[in-house]
Amino acid sequence: MPRDRIPVTIEGRDVELSNLDKLMYPAAGFTKGEVIDYYTRIAPVMLPHLTGRPVTRIRYPNGVGEPHFFEKNKPGGTPAWVRLEMLPVPGSTKSREAIDFVVVDELATLVWLANLAAIELHTPQWRIGADPDLLVVDLDPGAPAGLKECCAVAVLMRDRLAADGITAFPKTSGRKGMQLCCPISGTQSSAVVAEYAHRVADELATMVPASITAKMAKQIRPGKVFIDWSQNAAAKTTVTPYSLRAGDSPTASTPLTWDEVLKMATGRQPARQFAPAAVLDRVERHGDLLAALLEPGPPLP
């Protein structure tokens with residue numbers, strides 16, 4: 001076997017690791033071995049958010065500065081032990097109506113994908129065979145607005161959702177903005193969830209038109225926070241909690257406390273994304289701040 005290929009056994013599964021010294025984030029000197037190490041260590045809190053959901057991967061085979069591609073179907077050479085689910089592709093116009101999605105429900109699968117340079121993992125708001133059990137609101141800032149402004153909008157959104165009995169949990173996107181994730185009943189269709197999110201987004205945009213928009217047109221978004229209600233469409237996916245994101249330096253989609261969101265919104269704490277080491281430290285201190293997402297919530301009104 002070539003020296004750059006290392007066979008390992010993870011919970012009884014045979015996985016082959018390769019090119020561990022390859023730079024995935026060249027500007028930061030962050031290697032594929034470090035990507036795999038992060039995903040291995042974050043797995044106890046990340047896997048519950050992946051389990052039962054088909055995963056879309058964004059792969060960067062030669063690092064974040066080089067061409068990348070989205071992958072939904074199983075890749076060539078998929079081990080026989082990897083869980084696959086033949087599912088229709090929501091919204092697909094292609095003649096092929098269903099493909100084999102990978103489901104990440106064990107550590108070995110997560111490590112196997114990390115070894116394939118699947119830096120980003122994205123999942124839908126529904127589990128296989130069920131209606132959405134999450135409502136997700138993506139807060140996307142248009143420059144010069146940034147994460148600080150997203151945090152201010154997040155507080156408004158939290159309070160508006162709470163008026164309907166919906167509890168929101170914040171996380172950074174790992175890029176520019178953040179998301180609010182809300183456990184719901186799993187008894188209503190994605191169309192119903194998206195319509196509700198659209199209505200609430202329109203309400204807030206009408207209330208604070210100088211700072212918030214619910215319209216997708218990019219020309220009206222500079223200086224405003226776009227409340228992307230469309231994340232709740234069946235065809236959409238959102239970056240999975242704790243997933244790494246591609247950028248000059250490695251960051252991850254990181255759960256926040258509402259106290260942190262308030263401090264970031266008011267400038268008492270710098271509004272920032274978090275590096276992998278910081279995310280692991282936070283989990284040591286807080287556990288999984290999104291654990292409540294794993295239990296059903298109320299139906300939408």
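Quick caveat: nothing in here was measured; it's all calculated off a predicted structure.
- For the salt bridge (Lys or Arg N to Asp or Glu O under 4.0 Å) condition, the pairs that include at least one residue of residues 42-57, sequence neighbours left out, are Arg53-Asp133, Arg57-Glu71.
- No donor-acceptor contact under 3.5 angstrom links the side chains of Ser173 and Arg175, judged on distance only.
- Taking Ala194 as the reference, Asn232 meet the side-chain contact (heavy atoms from CB on, under 4.5 Å) condition, with sequence neighbours excluded.
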Result block: side-chain N/O donor-acceptor pairs under 3.5 angstrom for residues 108-115, not counting sequence neighbours:
| residue | atom | partner | partner atom | Å |
| --- | --- | --- | --- | --- |
| Asn115 | OD1 | Ser18 | N | 2.9 |
| Asn115 | OD1 | Lys32 | NZ | 3.4 |
| Asn115 | ND2 | Glu16 | O | 3.0 |

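- By the side chain to side chain donor-acceptor pair (under 3.5 Å) test, Tyr196 pairs with Asp164, sequence neighbours left out.
- Annotation: ring-ring contact (aromatic ring centres under 6.0 Å, His included) contacts involving residues 249-294, sequence neighbours excluded, are absent.
- Not counting sequence neighbours, the partners of Glu260 by the side chain to side chain donor-acceptor pair (under 3.5 Å) test are Thr257, Arg282.
- No more than 12 heavy atoms of other residues, nucleotides or ligands shown are found within 6.0 angstrom of CG on Asp21.
- Residues satisfying the side-chain contact (heavy atoms from CB on, under 4.5 Å) test with Ala233, not counting sequence neighbours, are Lys236.
- Every residue two or more places apart in sequence or in another chain was checked for a side chain to side chain donor-acceptor pair (under 3.5 Å) with His68, and none qualifies.
- Partners of Val103 under the side-chain contact (heavy atoms from CB on, under 4.5 Å) rule, at least two apart in sequence or in another chain, are Arg83, Glu85, Ile128.
- With sequence neighbours excluded, the residues that form a side-chain contact (heavy atoms from CB on, under 4.5 Å) with Thr31 are Leu23, Glu34.
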With a cut-off of 3.5 Å and sequence neighbours excluded, list every side-chain donor-acceptor pair involving residues 292-301.
none

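- Looking at Glu149 and Ser211, their side chains never come closer than 4.5 Å, going by heavy atoms from C-beta outward.
- No side-chain heavy atom of Val64 sits less than 4.5 Å from a side-chain heavy atom of Pro250.
- Residue Phe226 belongs to a hydrophobic cluster whose other members are Met216, Trp229, with links defined by side-chain heavy atoms closer than 4.5 Å.
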